[in-house]
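Just the heavy atoms: all of them, side chains too, but no hydrogens, waters or symmetry mates, feed the values below.
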Amino acid sequence: LSGYSSTPSIHKDVCGYPLSIFFIVVNEFCERFSYYGMRAVLVLYFKYFLQWDEDLATSIYHTFVALCYLTPILGAIVADSWLGKFKTIIYLSIVYTIGQVAMAVSAVHDITDSNRDGTPDNMTFHVVLSMVGLFLIALGTGGIKPCVAAFGGDQFSEHQDKQRRTFFSVFYLCINGGSLLSTIITPILRGQECGIYSQQKCYSLAFGVPAALMVVALVVFIVGSGMYYKAEPEGNIMLDVCKCIGFAIKNRYRHRSKQYPKRQHWMDWAEEKYDKLLIAQIKMVLKVLFLYIPLPMFWTLFDQKGSRWTLQATTMNGYFGQLVIQPDQMQTFNPILILTLVPIMDSVIYPLIKKCGFNFTPLKRMTVGMFLAAMAFVCAALVQVEIDKTLPVFPSASQSQLKLLNMGSSAVTVNLTGNESLTLNADYVSTLTNLLFLHSNNLCKQYYSFLAIFSFLMIRNKFSLSSGSQSCEYIKDFGFGSSYTFFIPSTFCQDSITVVEDIEPNSVHMALQIPQYFFITAGEVMFSVTGLEFSYSQAPSNMKAVLQAGWLFTVAVGNFIVLIVAEIAKLPNKWAEYVLFASLLVLVCIIFSIMAYFYTYIDPSEIEVQFRKKVDDDEDDKDKQQKAEIEMVRRDSAESYDDNYKQSKIVISSDVK
């Protein structure tokens, strides 16, 4: 890992491509699988393993995502100013791997399950270990994000522009491929049952496989070490930009008095220290960054597909014929639709709009993308309304629930003050419709004398029942989200088992989520892809990293907004929260469209050429002026010499005479 090289130690080309990039591509695929696979099941891990409520699970999820998009700025600075891209990728990948392993270990319930009942006895251990793991993952995945693609681009020589473009296309494909496969596989792994002493949902396996893929990614990247071109760190442009902006603000504040003349732009106050070309480039970047101000609201809605939408899917029916879809697998529609919609948009939709004579500029596309994301949340709200109609009614905060079971051989009549009498037949468990809701001041308790089995996301279960010499099997089909009470008599192998359905299976189908995934993905294609293209076209070539940092920062801010809005609003109904987010994005969409209307598109390269030409002309004028001044000095010196020479000649002549 020591030293840098201007050329790779072993230079080999395969089909015109540097052999080193194949290691980078495999590394990226494995890393993206690791990240998206872990993230796909994360919110369910919070809710069902750590036993957090949905609001806390959502808050921690979005805090983690926000950190993942803040740390790239740190990674870029470290790579460009200190360690270089290669070492930064290596060191932070190690941190990344440790974090993934920590997450896998935190999901092993047997570690603290001393009584072997399937539930961890020391939840603090699991919470702390998982939070440490998530922090290390955020540091690792965010830190290497700006380095890997750029490091891959460094492997190509100047005459390999075509191969470099192909590499970036394959690189982007690997990102979506890793995301697609991981969101299919890890929910399946999570749905398995595993454990040393008791069998529970296998979150440890769902986190363990991504951890293993991250180990593979690290090993593959190290194996190709001898083939890489490793450029020395040359300094980070973001630091120069920040210093220049800081100096301009400080200098403007020092000269805030009216006695100092105003300048055309506030960045012009940096001219005393910084090059005018750098100042002009920063002005162009600031125009784009100003347009970024409303953008976080899009990411506020977009990233909820991994939190609120996944939790919404847990209350829905996932049977697609013979195929069973897990709630966290619904996220798979996003990468599938991306791979489908990107070529359709580029080759069909946009050309068709252009032929119709409509000037569909990048900013207009971004505006439409934001509107589509808002429509996705309107769809989510409509789906939630249908779900709420099917959910069981639980007692409120001022009520208690009493469940009565008659385990005797004759009917029993129950009389409770303030409630109608209830008759329970022999060997009977009260159903949901017969549940009594009593005010809490009645000090009622809830009694259970039965074998209760609560199912979640199961298809068909087989139970082995044994008592003494009796032993038999019982098979029962379960629906998504259902809950049953089993009343098992002493002669369970001869007599029938009474089954009471406490909570009906989910009846609203997961397919109803497809429209919202379609709208949010179409919005992503029009907003994100177009936004990056627009940003890069409107900034100088040496400022691309600044815009990338700014773009990633909007994603981080958007995830923090989820926490703020949800905490301030505290709406009792989920559908109302979806409508609130959709309304906020529509409002922001209107503001952005107004800002876009007044934006003037520029050609940064042309402006830079004109600026350099102007600077050269100014320097030529200065050179001419200096030459003229020198010529005048020479002329004056020559005339003075002639006068002195004539005077001396007269003196000499008079002396001769």
Side-chain angles (χ1 to χ4, degrees), residues 32-52 54 57-58 61 103-104 107 109 176-195 199-211 213 303-337 380 383-384 386-387 390-391 453-461 476-483 503-518 520-521:
R32 289 291 86 186
F33 185 105
S34 177
Y35 173 74
Y36 284 109
M38 177 276 305
R39 180 173 156 176
V41 302
L42 186 59
V43 73
L44 297 184
Y45 166 77
F46 289 155
K47 182 178 180 181
Y48 296 107
F49 187 91
L50 299 184
Q51 299 178 1
W52 291 348
E54 291 189 1
T58 300
Y61 174 87
M103 283 298 299
H109 65 274
N176 287 281
S179 171
L180 175 61
L181 289 178
S182 63
T183 49
I184 293 174
I185 294 174
T186 53
I188 295 176
L189 300 177
R190 175 197 58 76
Q192 306 302 310
E193 292 190 351
C194 62
Q199 300 292 305
Q200 298 295 329
K201 292 300 178 183
C202 206
Y203 288 97
S204 57
L205 181 61
F207 290 142
V209 170
L213 264 292
D303 280 329
Q304 289 191 61
K305 61 183 174 61
S307 57
R308 290 298 198 197
W309 287 11
T310 299
L311 293 173
Q312 183 187 62
T314 62
T315 59
M316 304 178 75
N317 179 12
Y319 289 100
F320 287 76
Q322 297 298 319
L323 181 64
V324 179
I325 301 296
Q326 302 292 339
D328 32 2
Q329 285 181 316
M330 287 299 294
Q331 301 174 58
T332 306
F333 281 99
N334 179 247
I336 291 175
L337 288 171
V383 171
Q384 190 62 47
E386 294 300 314
I387 292 174
T390 65
L391 294 179
I453 301 175
F454 296 91
S455 71
F456 176 70
L457 304 180
M458 293 181 174
I459 308 172
R460 172 179 288 273
N461 279 276
K476 173 66 179 176
D477 290 333
F478 293 100
F480 277 72
S482 58
S483 175
I503 300 178
E504 295 180 357
N506 301 337
S507 57
V508 179
H509 204 275
M510 283 186 192
L512 291 181
Q513 279 196 326
I514 295 177
Q516 65 199 56
Y517 273 99
F518 174 81
I520 200 73
T521 306

For the student: nearest non-hydrogen atoms of Pro327 and Thr310, plus distance: CB-O, 3.9 Å
Within the 6.0 Å centroid threshold, strictly below: His509 and Phe320: yes
Flag side-chain contact, heavy atom, 4.5 Å: Met316 against Gln513: yes
Between NZ on residue Lys201 and CD on residue Gln192, distance to nearest 0.5 Å: 8.0 Å
side-chain hydrogen bond (donor to acceptor under 3.5 Å, both in side chains) partners of Asp328, counting only residues at least two apart: Arg190
Residue pair Gln304, Thr58: steps toward the side-chain contact (heavy atoms from CB on, under 4.5 Å) verdict: CA-CA 8 Å; Gln304 289 191 61; Thr58 300; 5.6 Å; no
Parallel, tilted or perpendicular: ring planes of Tyr517 versus Phe333, cut at 30 and 60 degrees: tilted
Centroid separation Tyr45 to Phe207 less than 6.0 Å: yes
Salt bridge (Lys or Arg N to Asp or Glu O under 4.0 Å) pairs, two or more places apart, involving residues 310-320: none
Leu311 CG to Phe46 CZ distance, which is reported to the nearest 0.5 Å: 11.0 Å
Over all atoms of both residues, closest heavy-atom pair of Tyr203 and Leu44: OH-O, 3.4 Å
Atom of Val41, atom of Ala206 and distance for their closest heavy-atom approach: CG2-CB, 4.1 Å
Met330/Met510 under side-chain contact (heavy atoms from CB on, under 4.5 Å): CA gap, chis, key distance, verdict: CA-CA 8 Å; Met330 287 299 294; Met510 283 186 192; 4.0 Å; yes
For Met38 against Pro210, the heavy-atom pair lying closest together: N-CG, 3.9 Å
Residues forming a salt bridge (Lys or Arg N to Asp or Glu O under 4.0 Å) with Lys47, sequence neighbours excluded: Glu54
side-chain hydrogen bond (donor to acceptor under 3.5 Å, both in side chains) partners of Tyr36, counting only residues at least two apart: none
Contact list for residues 505-517, test salt bridge (Lys or Arg N to Asp or Glu O under 4.0 Å), sequence neighbours left out: none
Contact check, side chains of Thr521 and Ile336, non-hydrogen atoms, under 4.5 Å: no
Approximate separation, where rounding is to 0.5 Å, of Ile184 CD1 and Leu189 CG: 12.0 Å
Contacts of type side-chain contact (heavy atoms from CB on, under 4.5 Å), residue Ser204, not counting sequence neighbours: Ala107, Val108, Cys194, Cys202
Residues in side-chain hydrogen bond (donor to acceptor under 3.5 Å, both in side chains) contact with Asn317, at least two apart in sequence or another chain: none
Leu42 side chain reached by Met103 side chain, heavy atoms, under 4.5 Å: yes
Partner residues of Ser34 under the side-chain hydrogen bond (donor to acceptor under 3.5 Å, both in side chains) criterion, sequence neighbours left out: Gln100
Pairs satisfying side chain to side chain donor-acceptor pair (under 3.5 Å), at least one member in residues 178-189, at least two apart: Thr183-Thr332
Close side-chain approach of Ile325 and Tyr319, heavy atoms under 4.5 Å: no
side-chain contact (heavy atoms from CB on, under 4.5 Å) against Gln384, all qualifying residues, sequence neighbours excluded: Gln312, Ile387, Asp388, Lys574, Trp575, Tyr578
Pairing residues for Thr390 by the side-chain contact (heavy atoms from CB on, under 4.5 Å) criterion, not counting sequence neighbours: Ser507, Val508
Heavy-atom closest contact (Tyr61 atom, Gly306 atom, distance): OH-CA, 3.4 Å
With Arg308 via salt bridge (Lys or Arg N to Asp or Glu O under 4.0 Å) - residues at least two apart: Asp55, Glu577
Closest non-hydrogen atom pair, Pro187 against Gln329: CB-CG, 3.3 Å
